[in-house]
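The structure under discussion appears below in the form of structure tokens.
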Amino acid sequence: MNSSVIIFPGSNCDRDIDVALKKFGFKNKMIWHDNVELPKSDLVVLPGGFSYGDYLRCGSMASKSKIINDIIKFANSGGLLLGICNGFQILTETELLPGVLLRNKLSEFICKNVFVKINNVENNYFKNIKKQILELHIAHNEGNFFCSNDQMKKIEDNNQIALLYCDKNGEINEKFNPNGSSKNIAGIFNQKKNILGMMPHPERMIDKCLSSDEGSIFFETLLNNFK
Amino acid sequence: MKISVIVTLKKNVLDPQGTTIKKALEGMSFNNINEVRQGKYFEIDIDEKNQRKAEEKANEMCKKLLANLVIEDFKIIKSL
Amino acid sequence: MKISVIVTLKKNVLDPQGTTIKKALEGMSFNNINEVRQGKYFEIDIDEKNQRKAEEKANEMCKKLLANLVIEDFKIIKSL
Amino acid sequence: MIVNEKIAIEHGLKKTEYKKICELLKRIPNITELGLFSAMWNEHCSYKSSKIHLKNLPTSGKKVIQGPGENAGVVDIGDKEAVVFKIESHNHPSFIEPYQGAATGVGGIMRDVFTMGARPIANLNSIHFGSTQHKKTKNLVRGVVRGIGGYGNCIGVPTIAGQTCFDESYNGNILVNAMTLGLVKKNKIFYSKATGIDKPVIYVGSKTGRDGIHGASMASAVFDDQIEEKKPTVQVGDPFTEKLLLEACLELMSDNSIISIQDMGAAGLTSSSIEMASKGNLGIELNLNKVPCRESNMNPYEIMLSESQERMLIVLENGKEGKAKKIFDKWNLDFAIIGKTTSSKKIEIYFDGNKVVDVPIEFLSDKAPEYDRKWKKTKLPIKNKYNKDIYKNLKILNVLKKILSNPNVCSKEWIWRQYDHTVMGDTIQKPGGNAGVVRVHGSNKAIAASVDSSANYCFAHPLTGGKQVVCESWRNMISVGATPIAITNCLNFGNPEKEENMGEFVECTQGIGEACKYLNYPVVSGNVSFYNETKDKGIKPTPSIGGVGLIQDYKKMVSMELKKLDNIVLLIGKTEGHIDQSIFAKEILNKKKGPPPEINLFNEKNNGETILKLINEGYVKSAHDVSLGGLLVAIVKMCIFGNKGIYINKPKNLINYFQYFFGEDQARYLIEIEKKDLTKVKSILEKNSVYFNEFGIIQEKNIVLKDKLSVTIDELIEANKKWLPNYMSN
Ligand SMILES: Nc1ncnc2c1ncn2[C@@H]1O[C@H](COP(=O)(O)OP(=O)(O)O)[C@@H](O)[C@H]1O
Ligand SMILES: [Mg+2]
């Protein structure tokens, strides 16, 4: 399976996702944002980091990169497009995903393990996933998902919520919401479910010696769903 | 010509930074604060002598980059 | 009463945000920009009916928290 | 402007120093030249008060590739790889503008590391604030923590450990020390020494503005009431540009275009150009009209002394300019050829067609003054005699809770949760433990690092205090299963022109040197920060020690959380019940006098090495060194982390419960082993003459000390974890 990771100036989880994709069997290419054309890919990933320093708004300047047009084309033709953390922010800024990611509720950067519940498995990301609750890691300043009531209704009606913050038993409750995100949302899909934006970093949790290895489940499932 | 722009969060959008600042101010014994909202301010110096044209340009910039109209409003103000 | 405050970086102080935004605007083919500077905007709603007193309070807040006079200037403006 | 003595003094030079400059030059310097002298001859760049004492530190060893004197130290970790690391202070700027001061401190130390060709793999920080009651403290904490996180998180380097202290001696002068570790291939290390004549000198990075002109002199000046006026010397950090600079430099370093490279830190273009030339015994010629400037009408004086951040100076091989420019263009960074190396052994600077500086390099570097300042020895204080009555009304549980929630002991999670500690995907021990640990990417090895200081001990008796900090750092390495390799030190002291402060410096440094020598734990880099005082009130002497260790197989790493019910906890090292200078003495008994606990280097080494042996043989399931707060605090932390309780045996040779459990005797560790291994472990300890006793048995949830204490860990977690977030949110 061919994947492409887009590097923006200021991306800093690009190596991490490269390592993860390769570890689980993807043939991965790193693509500089200045390119006009995407190579042939089954999966395109916008990595975490601080594109353009997160100056102005997170993801805003990256969303104007040259490569974005081709990414939009790729997504419109049904290709799998994954945005993690800053990548998620870029996806909302390009309006490929609804809503925005506001500053965390306590207005502090937050770095810790969280549990997330997979809310929709009828898609190429989570089909046949062997666990519904994963322990993953978040590290962000702006992960507080927000959208208008109308948008939220659409998101819910279309079953676009991908991941929800919860506790280890899957209970979804404001107590387990690390950043003030509406309805504990940790990740969402577009209508067609080929675009996924998520705040947690599965690529940081792919080895037993790290604080969890449940990111592995994410990547294994993703790869298997291509086969 | 310098154009000044203010970008604010829409009323119904939460402003965690504003809330934090409010708390900090209260911690410093500033009382009777109902609310603090934080926004952004830009000063754009454009090579353009015509005020109206310069403002139009700034307007474009806001729509395309400086403000996210999903959550923000912007206003072009007289340069200070 | 609502008081509006603008906090800007002093003229000689580096403004990484402004510089990066300028480059991004240029990348989007906005030309002839000499400079972009970014600042902060605050809207403070105080329980105080007297304009002068409210402004004085805001002034205090700026000095003590909202602005660091080492690198920033602030200005209280008419509420927009 | 014609230079005279008054102007020289305003530049922080002494009369005698100005006289010496005129004699060397055989003329009066012009204002730009005076600027160069004042920058190069001040304490921060010249180490004029500290040099003769730093000479006594052990700086070499089998693993040392580069000791002090370069941008950072380098140690060999095998497999053709090396680790580059250094710690640096950014105290004064952080007090004035906590966010930007701390941020640029982190940026500066990272540049020191990637200048040497190393990709940064971990950040650490040691921060000291005034009393928690002081009105400035809270905002300073908030600003500094945000600044450290703001910069490090943005670049994408994990912050894996640190240290936070509160003490009223920092009320008017906080300490912000930042440390970075980087990884480099042994044959790809870059140095600042220039070689070859007529090689292009390249300026890259951000543009030059009027930032921080005289920052280096500020770092060497005492704060006074006019502090506000010194404000414009604070710089704003731009982590985004630094990230680009990092990637661009590493890209250019992948072949052999670069002859030498130096970041522009304190005293900017001045010290970077002079150091490069001085180390290579060359001359350098600069044309300042070529320097990319951010502001208009900058004069040579300003350009040379600006401390704008995120800039580098590079000497390139001839003919590589085009290739280099392409790389920096790609990353959207400024690039300019601003001069060349020469054979003149002088620094010659041109501006608007005029020669504005013409000074032999050695006048600015080797000829800088060196002082053997007067210093006063500190006598070992007499031990306090404690009357048994003082313990009468104390309850162990109350004392324990009070100490666990003391600002200096309580959990610092509120701080490190704001630092990205997992980016790069190799952090296998996060902040909160004995030391942070990161894997060497793609290998079985891992690097451990920690920062420590013990200002109270150093203040009570500098010589012992100096030794103690090194030993604590060594213990932190041992406790995670790392072989200690080397340290970096940040020596934060008061005014060296005062005999007491100078004495503190001299004796702390002696203590550090002695311990390092004995433990074979050399000093490979460091930084001296003097003049940490406000209105005549100096800080307590605060050397921060950044330790680095190597774990050959990361699967053998040990952490501090208790692992399994029924396992046995052994206490290694002798407990004498030394409570002078302990947190118990200070906070509970309100006794501030007395000597710090004694350091026995033989025991330190022997205990540590034996534990390392036990770890490498797989016997140790968890480990923690016993430090601030004593035994009970140490075991409670292990319980909290592991979410387990313990039944503590009644100590055999009990002096007194309080002295026993809250005393701060050194060279002690708690280790967890399995029952089945007890005989074997005992025999190894005995064979190595290590003093130990069976401390307790792991059980569920309760911490029990027969007839004295029975408490759930949840209750103690509350005491330990809540204090800081509560303090910060009120
Ligand atoms: N400023 C900080 N940055 C990162 N980690 C910190 C900071 N302050 C404290 N810590 C972490 O908190 C833990 C406790 O530190 P310390 O109080 O020195 O404990 P101990 O005495 O048990 O070693 C350490 O692991 C340290 O890494
Ligand atoms: Mg420790």
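Computed from heavy atoms alone, side chains included, the values below leave out hydrogens, waters and symmetry copies. Predicted model, so just to flag it, every value in this text is computed and none were measured. Numbered from 1 within each chain, the chains take letters A, B, ... in sequence-line order.
- Ring planes of A/F8 and A/H33: tilted class, angle from 30 to 60°.
- A/N179 places a side-chain N or O within 3.5 Å of a backbone atom of A/S181 that can act as its donor or acceptor partner.
- Looking at D/I155, the atoms closer than 4.5 Å to chain A (heavy atoms on both sides) all sit in the backbone: N, CA, C or O.
- At a 4.5 Å heavy-atom cutoff, the contact between D/K330 and chain A is made by backbone and side-chain atoms alike.
- Proximity to chain D is limited to the side chain of A/D207, based on heavy atoms less than 4.5 angstrom apart.
- A donor-acceptor pair under 3.5 Å is absent between the side-chain atoms of A/K117 and the main chain of A/E171, judged by distance alone.
- Enclosure of atom CD in A/E95 is not indicated, since only 12 or fewer non-hydrogen atoms of other residues, nucleotides or ligands lie within 6.0 angstrom.
- Contact of D/D238 with chain A is made through backbone and side chain together, with heavy-atom distances under 4.5 Å.
- When heavy atoms are compared at a cutoff of 4.5 Å, A/Y52 approaches chain D by way of both its backbone and its side chain.
- When heavy atoms are compared at a cutoff of 4.5 Å, A/D54 does not approach chain D at all.
- For A/K66, the NZ atom sits in a loose shell: 12 or fewer heavy atoms of surrounding residues, nucleotides or ligands are nearer than 6.0 Å.
- Ring pair A/Y125/A/F189 is tilted by interplanar angle, where 30° to 60° counts as tilted.
- With a 4.5 angstrom heavy-atom cutoff, A/C209 touches chain D via backbone and side-chain atoms both.
- Residue with the most contacts toward chain A among D/K555, D/H441, D/M557: D/H441 (heavy-atom pairs, distance under 4.5 Å).
- Heavy atoms of other residues, nucleotides or ligands lying less than 6.0 angstrom from NZ of A/K183 number 12 at most.
- Heavy-atom distances place the side chain of D/R146, and not its backbone, under 4.5 Å from chain A.
- Contact annotation for D/I428: both backbone and side-chain heavy atoms come within less than 4.5 Å of a heavy atom of chain A.
- Only the backbone of D/T427 comes within less than 4.5 Å of a heavy atom of chain A; no side-chain atom from C-beta onward does.
- A distance of 8.0 Å separates CG in A/N28 from CD1 in A/I17, rounded to the nearest 0.5 Å.
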